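Please find one structure pasted underneath; my questions will follow.
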Amino acid sequence: MFSIKHFLALSAAVLIMACSPMGSDPTQVELSDVVGLWNSSENYGAKTDLIYTRVTSEGEIIEYDFDGDEVDAGLKCYQVDTGALSLIEDNRFLVTTDMHADKKFEVELEWLDAGNALKVYFFDNSDPGKISEAQIWTRVADESILDAEPPCRR
């Protein structure tokens, strides 16, 4: 039988699980969890390619790649590309886009830092069970930071 001590410990555990912040279970990532603006910048040696990625509640992805950074060495504007993100199962998502060489690819997402960071795993094209690359995206608190930034003309 349960003692009062066991009952209190079980009640505390249930309360902690129920009140845990989004992203506390790295295997349970929903589309609604990733909605918002993410810093998805990439490092190439000592240089940083400044990139932001916005995910909407409808599953649209908008990638803002700053053309005037050290990597791109272009104009002080953002190359803007779009795509779509849809849940396949658990924490695996399908990305459909024209912003990358592969028009459709799968990614696996894992929460880090209690939902403030996201690890994005990219799979190898020749071996879908093998991870070819991973990136860490961090949530941007001020989602309006790109509102006044100019897109590059095409």
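The chain is numbered in sequence order, starting from 1. Because the structure is a prediction, the values reported are computed rather than measured.
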### Query
Just by distance, do the side chain of Asp49 and the backbone of Glu42 share a donor-acceptor pair under 3.5 Å?
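Between the backbone of Glu42 and the side chain of Asp49 there is no qualifying donor-acceptor contact (under 3.5 Å).
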### Query
Do the non-hydrogen side-chain atoms of Phe93 and Val29 ever get within less than 4.5 Å of each other?
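Contact flag for Phe93/Val29 side chains = yes.
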### Message
Looking at every heavy atom in both Glu70 and Ala46, which two are closest together, and how far apart are they?
### Response
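Nearest heavy atoms, Glu70 then Ala46: OE1-O, 4.1 Å.
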#### Entry: Shared hydrophobic cluster for Leu87 and Val34 (ILVMFWY, side-chain gaps under 4.5 Å)
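Linked, Leu87 and Val34 end up in one cluster.
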### Closest non-hydrogen atom pair, Ala117 against Ile136
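For Ala117 versus Ile136, the nearest heavy atoms are CB-CG2, 4.3 Å.
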### Task
State the CG-OG1 distance between Asn116 and Thr138, to the nearest 0.5 angstrom.
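Interatomic distance, Asn116 CG to Thr138 OG1, rounded to 0.5 Å: 9.0 Å.
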### Query
Hydrophobic cluster mates of Ile88, side-chain heavy atoms under 4.5 angstrom, ILVMFWY only, any path?
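Members other than Ile88 - counting any ILVMFWY side chain reachable under 4.5 Å - are Leu94.
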### Message
For Val71 versus Lys47, what's the shortest heavy-atom pair and its separation?
### Response
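That closest heavy-atom pairing would be CG2-CB, 3.8 Å.
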### Query
Would you call Arg139 and Trp38 a side-chain contact if the rule is heavy atoms closer than 4.5 Å?
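Yes, their side chains come closer than 4.5 Å.
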### Query
Less than 4.5 Å apart, any side-chain heavy atom of Asp81 and any of Asp65?
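Sidechains of Asp65 and Asp81: no contact.
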#### Entry: Donor-acceptor under 3.5 Å (Asp69 side chain, Leu50 main chain)
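Flag set: sc Asp69 to bb Leu50 pair under 3.5 Å.
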### Query
Do any N or O atoms from the side chain of Thr97 and from the backbone of Thr82 form a donor-acceptor pair under 3.5 angstrom?
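Yes.
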### Task
Quick one: closest heavy-atom pair of Asn43 and Thr48, and the distance?
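Shortest heavy-atom separation between Asn43 and Thr48 comes out as OD1-OG1, 2.9 Å.
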### Query
Side-chain contact, heavy-atom cut-off 4.5 Å: Trp137 with Asn39?
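No, their side chains stay 4.5 Å or more apart.
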### Message
Is any side-chain heavy atom of Phe122 closer than 4.5 Å to one of Ile131?
### Response
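The answer is no, as the side chains (C-beta and beyond) never meet within the 4.5 Å cut-off.
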### Query
When hydrophobic residues are tied together by side-chain contacts of less than 4.5 Å, even through go-betweens, does Ile51 share a cluster with Val95?
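The answer is no; the residues belong to distinct hydrophobic clusters.
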### Task
Determine, using the 4.5 Å side-chain heavy-atom cutoff (strictly less than), whether Val80 and Leu37 are members of one ILVMFWY cluster.
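Shared cluster, yes.
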### Message
In this structure, would Val55 and Trp111 fall into the same cluster of hydrophobic residues linked by side-chain contacts under 4.5 Å?
### Response
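Hydrophobic grouping puts Val55 with Trp111.
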### Euclidean distance, Asn91 CG relative to Glu108 CD, rounded to 0.5 Å
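CG of Asn91 is found 4.5 Å from CD of Glu108.
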### Task
Could you tell me whether the side chain of Asp142 and the main chain of Ser144 form a donor-acceptor pair under 3.5 Å?
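Yes; judged by distance alone, with no hydrogens or angles, the pair exists.
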### Message
Tell me every residue that passes ring-ring contact (aromatic ring centres under 6.0 Å, His included) with Tyr78, counting only those two or more places apart in sequence or in another chain.
### Response
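Partners of Tyr78 under the ring-ring contact (aromatic ring centres under 6.0 Å, His included) test: Phe66.
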#### Entry: Transitive ILVMFWY side-chain link Val107 to Val35, under 4.5 Å
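Not linked; separate clusters.
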### Message
Main chain of Ser40, side chain of Thr53: is a donor-acceptor contact present, judged purely on distance under 3.5 Å?
### Response
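No: the side chain of Thr53 does not pair with the backbone of Ser40.
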### Query
Are the charged groups of Glu63 and Arg54 less than 4.0 angstrom apart, N to O?
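Looking at Glu63 and Arg54, the cut-off is not met.
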### Query
Where do Asp33 and Gln28 come nearest, in terms of heavy atoms and distance?
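So the minimum-distance heavy-atom pair works out to OD2-O, 3.9 Å.
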### Message
I need the Tyr64 OH to Cys77 SG distance, nearest 0.5 Å.
### Response
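Taking OH in Tyr64 and SG in Cys77, the distance rounds to 14.0 Å.
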### Task
Establish, for the pair Arg92 and Tyr121, whether the NZ or CZ atom is under 6.0 angstrom from the six-membered ring centre and no further than 45 degrees off its axis.
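Here Arg92 fails the 6.0 Å and 45° test against Tyr121.
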### Message
Does any part of the side chain of Leu112, heavy atoms only, come nearer than 4.5 Å to the side chain of Leu118, both counted from C-beta?
### Response
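No - every pair of side-chain heavy atoms lies 4.5 Å or more apart.
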### Query
Going from CG on Asp90 to CD on Glu30, what distance comes out if it is rounded to the nearest 0.5 angstrom?
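Here the rounded value is 9.0 Å.
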### Query
Which pair of heavy atoms, one from Glu149 and one from Ile145, lies closest together, and at what distance?
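Here Glu149 and Ile145 meet closest at CG-O, 3.7 Å.
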### Task
First locate atom CG of Leu75, then atom CG of Asp67, and finally report the distance between them rounded to the nearest 0.5 Å.
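Rounded to the nearest 0.5 Å, the CG-CG separation comes out at 5.5 Å.
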